[in-house]
Novice: 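Take a look at this one; I'll ask things after.
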2 protein chains.
Amino acid sequence: MNIGQAARASGVSAKMIRYYEKIGLIPNATRSGAGYRTYNSSDVHSLYFIRSARDLGFSVEKIMKLLALWRDRDRASADVKDMALAHAAGLKAKIAELQAMVQTLEYLANHCHGNDRPDCPIIENLAERTAAVATERRAGVQSKAPLFGTDTPASSRDRASTGTRKA
Amino acid sequence: MNIGQAARASGVSAKMIRYYEKIGLIPNATRSGAGYRTYNSSDVHSLYFIRSARDLGFSVEKIMKLLALWRDRDRASADVKDMALAHAAGLKAKIAELQAMVQTLEYLANHCHGNDRPDCPIIENLAERTAAVATERRAGVQSKAPLFGTDTPASSRDRASTGTRKA
DNA sequence: CCTTGACCTTCCTATCGTTGGAAACTTTAG
DNA sequence: CTAAAGTTTCCAACGATAGGAAGGTCAAGG
């Protein structure tokens, strides 16, 4: 079985199969005389496993651990369960973040006339102080740089400590 | 105001300010005699706008449009509202996707004993056919290569699905 | 004046997962 | 034999961000 067949059978593109091999997620494939990679059904099975895990949002790094557990016939199911639940928790956090964004956007849209006049609270909020919901969501948020018409070049207090605030 | 002050005042890192300038999201900054970029409060205001939009999950590309609308005093508020709602809809789709993942993971975890024995339906499902929820979520999924313990290198129906489906 | 340290400059690299292309080779079908 | 399809490797790009190296600049203090 060449890489194309393996790709179609597993749902992982040939490009990605080579990539997974290069980064060590899967072992080096055996080669035919002409240098073609050859795969058997067990390899396809691994690839399908990988694709399923990617569909569930697991990173390649985590998939490495899952694959190790998969191949370990003496694994404890608790290990896998922990990984799955931890991953689910991470996804939930991401969901909450996105929901806060949606809430803010819809709040702003609801306060926008949506006509042909320029008056638009969405723009105004983005420009002036970020909407309330987003502000609340943000963790260590303090005093949002009120400098406006003022042109003071180096105002007395510098917050935001250069970097590493958010993802 | 130098780039460091602008960064602290706007919440956008100096690295990102230079990047935004390079990709044309913001105009080239004026320079001091020594080549330092200088900013005024209006520039900081733009940066703050950008940061707020990024916090709401807007891509840089969309922010370019938002900035154009911001600077266009004759814009129709409907344009901005449409963008905001379209973006919210996109976020909602993403949320639904993540929720499906969580659902699958928790379903699998609930069926896992989580003890020190190797028996683990999470692994089994990843390996064999992907859990029901994920399968339903996936669109045109068919005939999932049932090849299993068999080790036939080129079994009869490995080219069955020769027709480029999926990416 | 000179040093020190904070700041700024450009340029290069990396991340993560994936896709794209180019140039060359092999296999398969006609 | 030829043409098409498949494969190989290598190189680059995406989006947004972070890190670092090597060097120039500024302000304060001796």
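Order of the sequence lines sets the chain letters (A, B, ...), proteins ahead of strands, with each chain counted from 1. These numbers come from the heavy atoms of this one structure, side chains and all, not from hydrogens, waters or symmetry mates.
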Novice: Considering only nitrogen or oxygen atoms on both sides, find all protein atoms under 3.5 Å from nucleotides 10-14 of chain C and state each distance.
Specialist:
from	atom 1	to	atom 2	distance (Å)
C:dT10	OP1	B:Arg31	NH1	3.4
C:dT10	OP1	B:Arg31	NH2	2.9
C:dT10	OP2	B:Arg37	NH1	2.9
C:dT10	OP2	B:Arg37	NH2	2.8

Novice: To the nearest 10 degrees, what angle separates the axes at the start and end of the helix from C:dC1-D:dG30 to C:dG30-D:dC1, five pairs each?
Specialist: 30°
Novice: Using the 3.5 Å cut-off, write out each protein N or O paired with an N or O of nucleotides 23-26 of chain D and the distance between them.
Specialist:
from	atom 1	to	atom 2	distance (Å)
D:dG24	N2	B:Tyr36	OH	2.7
D:dT25	O4'	B:Tyr36	OH	3.2
D:dT25	O2	B:Tyr36	OH	3.4

Novice: Quick one: side chain to side chain donor-acceptor pair (under 3.5 Å) partners of B:Glu106, sequence neighbours excluded?
Specialist: A:Lys92
Novice: Checking A:Ser77 now: which residues fulfil side chain to side chain donor-acceptor pair (under 3.5 Å) with it, not counting sequence neighbours?
Specialist: B:Asn115
Novice: Taking for each residue the nucleotide of DNA chain C with the nearest heavy atom, is it B:Thr38 or A:Glu61 whose nucleotide lies nearer the 5' end?
Specialist: B:Thr38
Novice: Per the side-chain hydrogen bond (donor to acceptor under 3.5 Å, both in side chains) rule, what does the pair list look like for residues 14-28 of chain A, sequence neighbours excluded?
Specialist: A:Glu21-A:Arg37
Novice: Not counting sequence neighbours, list each pair that qualifies as a ring-ring contact (aromatic ring centres under 6.0 Å, His included) and has a residue in residues 71-98 of chain A.
Specialist: A:Phe58-A:His87
Novice: Test A:Val12 against every option in A:Val44, A:Ile26, A:Ile17 by the side-chain contact (heavy atoms from CB on, under 4.5 Å) rule and name the one that passes.
Specialist: A:Ile17
Novice: Using whole Å, what does the distance between atom P of nucleotide C:dC7 and atom CD of B:Gln5 come to?
Specialist: 8 Å
Novice: Restricting to side-chain contact (heavy atoms from CB on, under 4.5 Å), what partner residues turn up for B:Leu69, sequence neighbours left out?
Specialist: A:Ile123, B:Arg75, B:Asp79, B:Val80, B:Met83
Novice: Could you work out, with side-chain contact (heavy atoms from CB on, under 4.5 Å) as the rule, every residue matching B:Ile95, not counting sequence neighbours?
Specialist: A:Ile95, A:Leu98, A:Gln99, A:Val102, B:Gln99
Novice: Within this structure, what is the CZ-to-P distance between B:Arg8 and C:dC8, rounded to whole angstrom?
Specialist: 7 Å
Novice: Without decimals, in angstroms, what is the distance between B:Phe58 CZ and D:dG15 P?
Specialist: 17 Å
Novice: What is the distance, rounded to the nearest whole Å, between atom CD1 of B:Ile26 and atom C1' of D:dA16?
Specialist: 14 Å
Novice: Using the ring-ring contact (aromatic ring centres under 6.0 Å, His included) criterion, which residues pair with A:His111? Sequence neighbours excluded.
Specialist: A:Tyr107
Novice: Is any side-chain heavy atom of B:Met1 less than 4.5 Å from a side-chain heavy atom of B:Asn40?
Specialist: no
Novice: What is the distance from CE of A:Met1 to C1' of C:dT27, rounded to the nearest Å?
Specialist: 17 Å
Novice: Quick one: A:Arg54 CZ to C:dT19 C1', roughly how many Å, whole number?
Specialist: 14 Å
Novice: B:Ile3 CD1 to C:dT9 P: how many Å, rounded?
Specialist: 5 Å
Novice: Closest-nucleotide mapping onto DNA chain D: is B:Tyr19 or A:Ala14 further toward the 5' terminus? I mean the 5' end.
Specialist: A:Ala14
Novice: Please determine if a side-chain N or O atom of B:Tyr20 lies less than 4.0 Å away from the OP1 or OP2 oxygen of D:dT17.
Specialist: yes
Novice: Over how many whole Å does the gap from A:Ile17 atom CD1 to C:dG17 atom C1' extend?
Specialist: 15 Å
Novice: Looking only at non-hydrogen atoms, find the nearest pair between A:Ala53 and A:Leu66 and report the distance.
Specialist: CB-CD1, 4.4 Å
Novice: Who passes side-chain contact (heavy atoms from CB on, under 4.5 Å) against B:Thr30, sequence neighbours left out?
Specialist: B:Thr38
